[in-house]
Amino acid sequence: MRSLKTQLRAVDRMYSRIAALYFITYVIALPLLCSDQQHSMYFRYDDTTRRKHLETAIDENQRRLAVAEEYLRKTGRHSRVFRRLYGAVKKRIQPQIVITVVTVARQPQAGLPEPRYLTQVVTQFAQLLEKEETGITFQVCNVNFPPEAHHEAVFLSRFVPVVQRGSTEEQAEEEDRFEKEKLDYIFCLEKSVELNPQYVLMVEDDALPTPDMLHVLRHKLQYRLNMRVFQGELLHNGDDWAFLKLYSMERWQGYGNDITSALELTGAGLLGGTVFLYALQRRRQKMSRRFVNFVLGFVYVVLLCWTVGRQNLLLQFRRLTAQLYTVKSAPYCCTQAVLYPSDMAAEIARFLKTRTCKKTYAVDFVLSDFATNNRLQRYLVEPNLFQHVGFVSSLRSDVKDPQSGVALE
């Protein structure tokens with residue numbers, strides 16, 4: 001009888017500690033740690049948060065811009081990397097990838113400093129390409145009307161190749177901004193295809209590449225899109241694909257948006273349940289109590305992952321190595337960074353000419369229609385290989401959080 005009472009007291013203490021762990025984690029610790037973490041359950045947008053995020057976005061932008069300007073000043077226009085970028089375009093040697101940054105001058109916003117995203121993007125790519133001897137051609141595509149009014153692009157043409165419409169080419173000012181965006185995209189796509197690459201990477205001028213972007217991209221091209229590992233053997237991948245997106249809005253990368261994220265959450269819960277099961281295991285413990293311990297661990301880890309947010313936890317873990325990045329079916333949005341096989345880029349340019357874009361039917365929807373109509377796969381690399389930093393849009397007059405799309409003013 002005394003032994004039974006001792007066991008019951010031990011069980012009560014154990015479950016009291018588990019209850020305390022739940023309370024400390026979800027009522028005290030996480031609310032304090034995650035209140036400023038976007039995509040967590042404890043993050044809330046209000047007027048104060050909006051002002052804080054706008055101030056943070058401006059400060060970070062000015063810091064990145066200062067670093068970029070210092071890089072240009074120290075490196076100089078005649079440095080090896082910039083001479084090589086110019087030489088790659090002039091020699092017309094067939095590259096593996098042509099990287100084209102599509103840019104347009106942004107209208108100044110009252111009370112906000114000029115963002116100058118293009119300078120940041122160009123210098124970020126220059127640093128990535130310093131160690132790339134061959135295989136990559138880089139250019140900026142200035143689609144501003146008129147092109148000489150885009151002073152930032154004109155200045156950067158001293159450092160990197162800049163293409164723009166000539167005086168004999170049609171430069172009529174399109175009234176619909178979304179239709180103009182489509183025409184600009186076609187122009188830059190065609191200019192990229194003219195360089196005869198294997199792939200065309202179209203990048204918007206407010207999308208910064210991550211330091212491992214090229215490494216991960218080449219890994220996925222070799223081992224996921226061109227070839228696939230099946231039962232330990234490297235086999236040719238017969239899937240036809242239209243494009244590979246390297247960026248998607250982070251707010252859509254949480255749990256519950258697709259079967260993959262649901263399976264990830266379930267897997268994390270099973271791992272947590274197993275850890276609890278072994279950590280709380282006792283001699284001659286009943287099967288029912290073991291099951292309860294497993295369920296408590298499962299629920300604890302599932303709640304942890306859900307409340308912290310997939311974007312803040314699992315996706316950051318995947319950045320440890322290129323092998324952990326995944327390739328999945330792409331959503332309709334977005335076009336911040338999209339890779340096309342060269343033949344598909346040419347076909348997409350022709351397809352775009354047959355469609356009229358508007359606010360409810362932008363370029364990204366046309367791209368998805370192209371893939372659907374031709375029964376082609378559309379892919380997305382996850383986590384993102386680009387960071388969207390543009391809080392001043394080139395299409396709309398409002399100021400938005402670049403990560404969530406929430407209006408900041």
Side-chain angles (χ1 to χ4, degrees), residues 7-57 60 248-282 285-320 324-326 328 331 382-384 387 401-408:
Q7 291 181 17
L8 290 174
R9 283 197 295 269
V11 169
D12 289 340
R13 286 197 299 269
M14 180 180 68
Y15 288 129
S16 297
R17 290 168 183 170
I18 293 176
L21 176 64
Y22 269 76
F23 182 83
I24 292 171
T25 302
Y26 299 109
V27 180
I28 300 176
L30 290 184
L32 291 174
L33 296 174
C34 299
S35 60
D36 291 331
Q37 289 289 325
Q38 284 194 49
H39 316 300
S40 78
M41 298 295 289
Y42 299 98
F43 181 80
R44 291 291 181 270
Y45 259 118
D46 52 31
D47 291 340
T48 302
T49 305
R50 285 186 174 89
R51 286 194 297 270
K52 181 179 178 181
H53 272 254
L54 177 58
E55 293 170 358
T56 301
E60 290 180 351
S248 178
M249 289 194 71
E250 291 184 358
R251 65 176 175 176
W252 293 339
Q253 294 181 339
Y255 292 111
N257 290 314
D258 55 38
I259 188 64
T260 302
S261 62
L263 290 174
E264 290 173 351
L265 190 61
T266 303
L270 293 174
L271 179 62
T274 303
V275 171
F276 265 56
L277 181 63
Y278 281 96
L280 302 176
Q281 189 173 5
R282 299 290 184 270
Q285 193 174 49
K286 292 182 179 180
M287 185 60 67
S288 59
R289 286 179 183 169
R290 291 184 181 182
F291 178 74
V292 170
N293 294 343
F294 179 85
V295 171
L296 288 171
F298 182 93
V299 172
Y300 180 85
V301 173
V302 166
L303 283 176
L304 180 67
C305 293
W306 185 273
T307 53
V308 173
R310 181 170 180 260
Q311 301 91 328
N312 299 320
L313 202 60
L314 182 67
L315 291 187
Q316 299 310 312
F317 170 76
R318 287 190 179 278
R319 293 188 183 278
L320 292 176
L324 293 177
Y325 282 76
T326 60
K328 58 191 290 188
E382 203 175 63
N384 291 332
Q387 178 190 4
D401 188 305
Q403 303 300 327
S404 66
V406 175
L408 295 178

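In this chain, numbering begins with 1 at the start of the sequence shown. Computed from a predicted model, the values in this text were never measured in an experiment.
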Go through it in stages, so that I can follow the logic: the residues are Leu270 and Phe294, the test is side-chain contact (heavy atoms from CB on, under 4.5 Å), and I'd like the CA-CA distance, side-chain angles, deciding distance and then a yes or no. CA-CA 8 Å; Leu270 293 174; Phe294 179 85; 3.8 Å; yes
Hey, are the side chains of Tyr42 and Leu33 touching, using non-hydrogen atoms and a 4.5 Å cut-off? no
side-chain hydrogen bond (donor to acceptor under 3.5 Å, both in side chains) involving Glu264 - partner list, sequence neighbours excluded: Arg310, Arg318
Just how far is it from atom OG of Ser261 to atom CG of Leu315, taken to the nearest 0.5 Å? 9.5 Å
Below 4.5 Å, heavy atoms only, C-beta onward: do Asn384 and Gln253 meet side chain to side chain? yes
Residue pairs passing the salt bridge (charged side-chain N to carboxylate O under 4.0 Å, His left out) test with at least one member in residues 292-307, sequence neighbours excluded, are none
Please report the interatomic distance CG(Asn293) to OG1(Thr274), rounded to the nearest 0.5 Å. 12.0 Å
Minimum side-chain heavy-atom gap Tyr325-Pro383 below 4.5 Å: yes
First locate atom CG of Leu296, then atom CZ of Phe291, and finally report the distance between them rounded to the nearest 0.5 Å. 10.0 Å
Is any side-chain heavy atom of Tyr255 less than 4.5 Å from a side-chain heavy atom of Leu314? yes
Can you tell me which residue pairs pass the side-chain hydrogen bond (donor to acceptor under 3.5 Å, both in side chains) test with a partner in residues 25-34, sequence neighbours excluded? Thr25-Tyr300
On a heavy-atom basis, which atom in Asn312 and which in Val308 lie closest, and how many Å separate them? ND2-O, 2.9 Å
Value for CZ (Phe43) from CD (Gln38), rounded to nearest 0.5 Å, stands at 4.5 Å
Leu304 versus Leu30: any side-chain heavy-atom pair under 4.5 Å? yes
Using the rule given for side-chain contact (heavy atoms from CB on, under 4.5 Å), can you reason through Asp36 versus Lys52, listing the C-alpha separation, both sets of side-chain angles and the distance that settles it, and then say yes or no? CA-CA 10 Å; Asp36 291 331; Lys52 181 179 178 181; 3.4 Å; yes
Heavy-atom pair of closest approach, residues Glu250 and His39: OE1-NE2, 3.3 Å
Just wondering, more than 12 heavy atoms not from Phe23 lying within 6.0 Å of its CZ? no
Given side chains that start at C-beta, do those of Thr307 and Cys34 come closer than 4.5 Å, heavy atoms only? no
Give me the atom names and distance for the closest heavy-atom approach of Cys305 to Ala268. SG-CB, 3.9 Å
